[in-house]
Asker: 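What follows is a structure written as structure tokens; I'll ask about it next.
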Number of protein chains: 2
Amino acid sequence: MISEPQRKNVDQRSQRKQREYEARREEILLAAERMFSQNGFFKTSMAEIAESAQFAMGTVYRFFKSKEEIYISLVEAKVEELLNLLREATKIGPTAPEKLREVIRVKLAFADQNRDFFRIYVSEWSGFEWTVKSAFGDRVWKKYLAQIDLVADLIQAGIKSKEFRKVNPKDTSLALNGMLNSTIYVWILQAGPKESLISKGEWLGALFLDGIGSGTTKT
Amino acid sequence: MISEPQRKNVDQRSQRKQREYEARREEILLAAERMFSQNGFFKTSMAEIAESAQFAMGTVYRFFKSKEEIYISLVEAKVEELLNLLREATKIGPTAPEKLREVIRVKLAFADQNRDFFRIYVSEWSGFEWTVKSAFGDRVWKKYLAQIDLVADLIQAGIKSKEFRKVNPKDTSLALNGMLNSTIYVWILQAGPKESLISKGEWLGALFLDGIGSGTTKT
DNA sequence: AACAAGATAGAATAGCTATTCATTTATCAT
DNA sequence: ATGATAAATGAATAGCTATTCTATCTTGTT
């Protein structure tokens with residue numbers, strides 16, 4: 001028989017163990033993020049990840065059952081994080097255009113703070129190609145589409161309230177996403193943090209809302 | 001001594017040889033395009049390329065000195081082709097907006113006709129990451145930037161003529177490019193050729209010129 | 001202190017693949 | 001037809017790397 005105080009101790013201990021387990025796992029993910037963003041998925045070896053995380057290879061395999069699982073975990077966590085941030089963003093601001101600007105700001109800010117990750121995310125779509133079919137990859141893909149849909153809904157609402165003109169919401173959301181990604185990607189490639197990424201948000205919003213036309217040449 | 005008629009024969013023979021060489025080389029590139037677009041660079045083996053081209057592996061190496069060279073040759077040829085098409089496009093149409101619409105049409109048409117290739121091009125930016133540093137990859141990267149610059153110049157001209165409002169031409173060109181790429185990419189992923197890609201050109205042009213705003217909410 | 005039970009290590013395995021090379025086959029001028 | 005040159009072949013090489021496995025070490029309990 002175990003006395004009550006003892007059981008409590010045991011519980012706390014195992015809680016700590018759990019926390020430590022998570023912490024180690026996180027370490028590995030961080031190391032993997034560093035390596036993947038530097039060399040891409042295929043040119044990063046488990047040996048490198050293990051070394052970068054300061055674990056032996058065998059240990060890494062106690063946390064993840066394959067290299068692919070590390071990769072997908074990494075991507076999934078980030079995509080989910082961004083999705084949640086975007087959900088919040090669509091709640092801020094009174095008007096649809098304002099919400100849209102907030103979405104742009106949030107995505108750029110996220111890219112700014114997750115530079116390494118974005119190097120994978122934007123540039124390694126290829127990764128998805130071979131992965132979309134796997135169960136894990138499917139989850140990531142769905143979350144990506146959820147991001148698109150979220151903004152599509154926002155656009156849809158804006159159309160109803162006559163704040164936006166009639167467009168196909170999904171196609172438009174996709175186009176916005178492409179605009180942002182290409183901007184982010186080139187910003188990332190110019191290693192030197194010359195210009196703030198976030199500062200481009202305002203004009204990207206303006207571009208998307210008003211186009212580049214001077215207003216006199218509507219054809 | 002070789003008589004004149006004989007020399008002529010020799011010349012013609014070697015011409016034919018040259019043509020046949022080119023034809024074989026082309027065969028290999030086509031096979032590589034098929035395989036790369038199906039499985040990406042890393043998951044495509046030389047054995048597969050050789051088999052798909054109906055050559056032995058050793059033979060493939062008579063035409064290309066490495067797998068990477070095949071890949072880069074492929075990408076470079078296509079990027080150059082697109083660049084030339086875009087150059088032509090910027091000459092068509094009287095006004096800047098019209099030229100811009102032509103650029104959009106041309107790029108979408110090119111994607112439509114080079115579906116397999118675009119699957120590599122858009123999705124495998126990762127490829128560039130490891131390759132940009134090599135001499136070959138550098139050439140590809142420069143041609144990519146030349147495409148961006150070409151459209152940036154067009155935008156610049158439109159600003160001067162007051163057809164466009166004042167924007168940063170390069171950033172704007174980049175944004176347009178992203179819009180197109182994301183549209184193309186998703187179109188490619190939906191295997192079934194449900195909707196014509198080219199048909200999206202008109203509204204993409206409209207979106208880019210006029211934005212999605214209803215015109216009443218300029219902030 | 002001693003003993004499980006769990007965690008870590010990293011060497012060994014197994015399998016794959018880019019590239020080379022010795023051989024065979026085709027081409028072609030004589 | 002023949003010898004020489006060029007082209008094509010595909011088995012062998014060499015090297016890499018994801019994953020496994022057993023021995024070693026840590027931790028926590030009695």
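Hydrogens, waters and symmetry mates play no part in the numbers below; they use all other heavy atoms, side chains included. Each chain gets a letter, A, B and so on, in the order its sequence line appears, and its residues count up from 1.
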Asker: Could you state the atom-to-atom distance from CG of B:N39 to P of C:dT17 in whole Å?
Answerer: 11 Å

Asker: Rounded to whole Å, how long is the line connecting atom CD of B:E48 with atom P of C:dA18?
Answerer: 9 Å

Asker: Would you please confirm or rule out a distance under 4.0 Å between OP1 or OP2 of D:dT9 and any side-chain N or O of B:T59?
Answerer: yes

Asker: Within this structure, what is the NZ-to-C1' distance between B:K43 and C:dA18, rounded to whole angstrom?
Answerer: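 Spelled out: NZ on B:K43 to C1' on C:dA18 is 17 Å.
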
Asker: Return the nearest nucleotide to the side chain of B:F63; candidates are D:dG10, C:dT19, D:dA8.
Answerer: D:dA8

Asker: Nearest of D:dA18, C:dA18, C:dT8 to any side-chain atom of A:M46?
Answerer: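 Nucleotide nearest to A:M46's side chain: D:dA18.
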
Asker: Can you tell me how far C1' of C:dT27 sits from CZ of B:R62, to the nearest Å?
Answerer: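 Atom CZ in B:R62 sits about 13 Å away from atom C1' in C:dT27.
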
Asker: Just do the side-chain contact (heavy atoms from CB on, under 4.5 Å) check on B:F36 and B:F117 with the steps written out, would you?
Answerer: CA-CA 8 Å; B:F36 283 145; B:F117 167 71; over 6 Å; no

Asker: A:F55 CZ to D:dC25 P: how many Å, rounded?
Answerer: 18 Å

Asker: Quick one: which of D:dG10, C:dG6, C:dT8 gets closest to the side chain of A:K17?
Answerer: C:dG6

Asker: With no hydrogens and no angle check, do the side chains of A:N177 and A:Y144 hold a donor and an acceptor under 3.5 Å apart?
Answerer: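 Side-chain D/A pair, A:N177 to A:Y144: present.
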
Asker: Return the nearest nucleotide to the side chain of B:R24; candidates are C:dA7, D:dA8, C:dT19.
Answerer: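 My answer, after comparing the listed nucleotides, is D:dA8.
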
Asker: Of B:I198, B:L86, B:I92, which meets side-chain contact (heavy atoms from CB on, under 4.5 Å) against B:V106?
Answerer: B:L86

Asker: Should we say atom CD of B:E48 is surrounded by more than 12 heavy atoms from elsewhere, each under 6.0 Å from it?
Answerer: yes

Asker: How close or far is atom C1' of D:dT20 from atom CZ of A:F64, stated in whole angstroms?
Answerer: 18 Å

Asker: Using a strict cut-off of less than 4.0 Å between a Lys/Arg side-chain nitrogen and an Asp/Glu carboxylate oxygen, indicate whether B:D149 and B:K170 qualify as a salt bridge.
Answerer: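 Yes, B:D149 and B:K170 are salt-bridged.
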
Asker: Expressed in angstrom and rounded to an integer, what is the separation of A:Y71 atom OH from D:dA18 atom P?
Answerer: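 For the pair A:Y71 OH and D:dA18 P, the rounded distance is 15 Å.
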
Asker: Less than 4.0 angstrom between a side-chain N/O of B:R16 and OP1 or OP2 of C:dC28, yes or no?
Answerer: yes

Asker: From the set D:dA7, D:dA18, C:dT19, return the single nucleotide nearest to any side-chain atom of A:K67.
Answerer: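 Of the options given, the side chain of A:K67 lies nearest D:dA18.
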
Asker: Between D:dT19, C:dC28, C:dA18, which nucleotide has the shortest distance from any of its atoms to the side chain of A:M57?
Answerer: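 Of D:dT19, C:dC28, C:dA18, D:dT19 is nearest to the side chain of A:M57.
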
Asker: Check the distance between C:dT8's C1' and A:E27's CD and give it to me in whole angstrom.
Answerer: 15 Å

